Amino acid sequence: MSSDTVPATVYTDATRAKGEVIIELDSVDKYFGDFQALKDINMRVGLQEVVVVIGPSGSGKSTLIRCINRLEKHDRGTIIVDGIELSDDIRNIQVVRRETGMVFQQFNLFPHLTVMDNITLAPRQVRHLPKKEADDLAMELLERVKIPEQARKYPGQLSGGQQQRVAIARSLAMRPKVMLFDEVTSALDPEMIKEVLDVMVELAEGGMTMIVVTHEMGFARAVANRVVFMSDGQIVEVGTPEHFFTSPQEDRTKLFLSQIL
Amino acid sequence: MTASAERAPVLPEGSALGWIKERLFRNVWSGAVTVVLIPVLIYVGYRAFVFIFINGQWAAVSRNLTNFIMGRYPRDQTWRLVAQMMLLALAFGAGAGTGSGTARDKAEEAGLVYVPPTLAGTLRRFWSLIAFVLVLLVMAGSTGPWLVAGAAVVLGYVGWQSWRLPRSLRMLSWLATALLLLAGFQVVSGTDGMAWLPVALAVAFAVWLVVPVERLQAVMRPVVSLVASLAAAAVVFGVYQVIAFPGIGWDQWSGMHLTLWWSAIVSALAFPVGLLLALARRSNLPALRYLATTYIELIRGVPLITLLFMGQFILGFMLPAGTNLSSISRSIAAGTLFTAAYLAEIVRGGLQSLPPGQAEAGQALGMAPTTIMRKIVLPQALRAVIPAMVGQFISLFKDSSLLFIINVTEFLSVRGIVHAQPDFRVIAHAETLVFVAVGYWAFAFAMSRESQRLERRLGIGER
């Protein structure tokens, strides 16, 4: 889907091997009160890998990726991101969050700031980047998501698809090693879904490590290295897209696929 | 009238009869209401007219205008009030001009069209105040007050021209505005007893200036801002030792002058305290949370009048022996404690109205909790509660009339001076009351109008 004339932006780290484990979840359990949202989750994600998580609503997909950057606290098991184990230590948590970008279903842009300020806020406040450098970085990212002309507008003046692309640029501005996508196209009008997915495809082609919770099966088929199917808080089945969509093994997977395809 | 213009199609063009039928006698019930209300309104209007222009003994007001404005303030020091008025006119003009310039910068940056404020708009917002001042001037019946008012208008206009300043001078222009306000205060209060005020302000300004320095490491910031604020305080204190300008402390202020300053000072002090209380009430630390909650619920359960009394009688026991706070200072403390509790609840409402996704987005970007609060949550939360906060300030302004119970002659209790005069001992009680009521209303209404504008201006770019 990417253009042949423009060289794709590279998100890889030359010093590290493709496939080196960057996210590691071991026997992770998560409860909301008495309800168990995650049951014994074990998962490894390697550098430059694109993992797509699918499953019925309420199956724990969002909770899973929200545990990876500690927006939710897991109750048992270990989560290690780039060698750092998530614990109650706020400093560890902040380091992990700086390395993992997250894009939300509802965009969560800051409505009182311009697009430019939305993107530069974190680099300036967290990475202490000077204004000039932060502005240059923001413009570069806005060009990458193809809306440089909107830089001075407020989020409320943009369409949903444009807002979501700004949200992606805002995450990229922290130069994360991993990107987490939480149903980022679910709140969009159909005609705007493609422009957001295109940006995500380019990210994947540039070598970004991604975990994507989505209902877009076309995206899963085309981009994913692995598809993870979750149901009732458990990982039911994992496989390559071809395997997953053509010959699923588990009954629950077959039922889910028959309902949505 | 504009609404009737929109309905024009159903009515004959320019027909008064049509308007009356449509508006007043649309059906039996509206007709009945009209038949009852119109005579009542005519009667009330007639009685008001008779009271204001025929029977009213307004000499009780017009011969006491100076009393209403400055109460028991020493008359040989009136020049200070005039000088204060001039400085404040300049300061308000400069503040409005600089604010307008800042708004224009922001709009231009966002590629929006900036609509500059118009004279008509300003008149619409402040007509109640302008009308009140005109009534005062007409009643005064001499040229002096007209000259003072005219000079204030001219100075306000001069200050307003600060909107023309280039962007690079905007910060300087804000600083100049603040200094003018301070000078306005101290031209009356003098520098001797009130040195703590500029020191406190300098400290606040230094901290505010230093904290946003982004290259500083988080640990260094408190140190640097502490050093900066101490240095600023030392400089101001030194300057005030050299100037040593004697003045009239606020324990001698009175009348409308005191009412306005008391409300402004208490509002300015209560806002930061209320903000901190609101944050404490939402804190993760149970001790802080319970303390803030207890404080807020205790204060909100007690009438202001009780707190004012307690300020007079109990504050003395809690302060070190020998501290001699004036009644006004005690009442400012009591008013601040009271208003802060209410503001805290208002701000808490604003904090809770924000969708959790806003703070989560900040967290996901690795921001520190204080950064999220300062840059994401508070700007949005405070904007959302401007109307409620201004409502609280208006309420405080009117509550300043309770100061009479601790023997402070504020605006309302100037009536006591007036009706102690032999000429007005038994007559004109209604006239002075109406005058005072109109005075309060003129200011309160202007505040309310200004808050509506502020809300609109800060809402720039939002849906």
Side-chain angles (χ1 to χ4, degrees), chain A residues 65-66 68-72 90-91 93-131 134 149-158 167 170-176 179-180 182, chain B residues 103-114 211-221 224 284-285 350 353-386 455-463:
Chain A
I65 65 169
R66 285 167 64 88
I68 293 174
N69 67 353
R70 195 73 167 190
L71 287 184
E72 304 289 354
I90 181 76
R91 264 175 243 143
I93 295 172
Q94 279 181 14
V95 172
V96 167
R97 283 174 179 167
R98 282 165 210 175
E99 317 242 300
T100 47
M102 183 177 239
V103 185
F104 301 87
Q105 180 176 358
Q106 299 296 339
F107 327 139
N108 293 350
L109 291 178
F110 309 130
H112 61 302
L113 299 178
T114 60
V115 165
M116 197 71 168
D117 292 341
N118 262 279
I119 299 174
T120 57
L121 183 63
R124 293 188 64 191
Q125 294 291 326
V126 180
R127 298 239 192 261
H128 307 298
L129 225 58
K131 182 170 166 37
E149 71 284 359
Q150 314 287 1
R152 295 292 170 195
K153 289 196 182 160
Y154 286 89
Q157 297 167 286
L158 305 186
R170 180 175 70 176
S171 283
L172 291 175
M174 287 296 286
R175 302 202 183 285
M179 288 284 283
L180 308 172
D182 189 3
Chain B
R104 198 184 33 162
D105 295 344
K106 280 198 176 159
E108 271 171 11
E109 206 171 71
L112 300 171
V113 181
Y114 175 65
V211 168
V213 176
E214 282 153 19
R215 278 175 171 281
L216 282 177
Q217 286 303 309
V219 254
M220 280 300 289
R221 280 188 210 176
V224 173
N284 291 326
L285 304 171
S353 74
L354 268 202
Q358 288 291 309
E360 274 180 6
Q363 287 169 0
L365 288 162
M367 290 184 194
T370 48
T371 313
I372 295 172
M373 189 50 75
R374 214 159 41 91
K375 295 285 180 181
I376 300 170
V377 174
L378 277 184
Q380 297 186 62
L382 291 181
R383 186 171 309 178
V385 295
I386 288 174
E455 213 183 325
R456 272 198 305 276
R457 207 185 78 190
L458 291 179
I460 199 168
E462 275 184 287
R463 270 171 296 190

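Chain letters run A, B, ... following the sequence lines, proteins first, then strands; residues in each count from 1. If you're wondering where the values come from, they're calculated on a predicted model, not measured in any experiment.
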Shortest non-hydrogen contact from A:N69 to B:A364?
->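 Reported closest heavy-atom pair: ND2-CB, 3.8 Å.
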Could you tell me which residues in residues 356-363 of chain B have at least one non-hydrogen atom under 4.5 Å from a non-hydrogen atom of chain A, sorted by residue number?
->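 Residues B:G357, B:Q358, B:E360, B:A361, B:G362, B:Q363 are the ones that qualify, each having a heavy atom under 4.5 Å from chain A.
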CZ/A:R124 to OG1/B:T371 distance, rounded to the nearest 0.5 angstrom?
-> 12.5 Å
When rounded to the nearest 0.5 angstrom, what distance separates CD in A:Q125 from CE in B:M367?
->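 It comes to 7.0 Å.
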So what's closer than 4.5 Å to chain B heavy atoms on A:Q94: side chain, backbone, both or neither?
->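 For A:Q94, heavy atoms of backbone and side chain both lie under 4.5 Å from chain B.
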Relative to chain B, which segment of A:R170 carries a heavy atom at a distance below 4.5 Å: side chain, backbone, both, or neither?
->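 Interface part for A:R170: both.
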Which atom names give the shortest non-hydrogen contact between A:H112 and B:K375, and what distance separates them?
-> NE2-O, 2.8 Å
By a 4.5 Å heavy-atom criterion (distance strictly below it), what part of A:L180 contacts chain B: side chain, backbone, both, or neither?
->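 For A:L180, neither part sits under 4.5 Å from chain B.
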Taking every heavy atom of A:L121 against every heavy atom of B:I376, the minimum-distance pair comes out as CD2-CG1, 3.9 Å
Check each atom of A:F110 against the heavy atoms of chain B and say whether the ones under 4.5 Å are side chain, backbone, both or neither.
-> both
How many angstroms lie between CG in B:L365 and CE in A:M102, if you round to the nearest 0.5 Å?
-> 11.0 Å
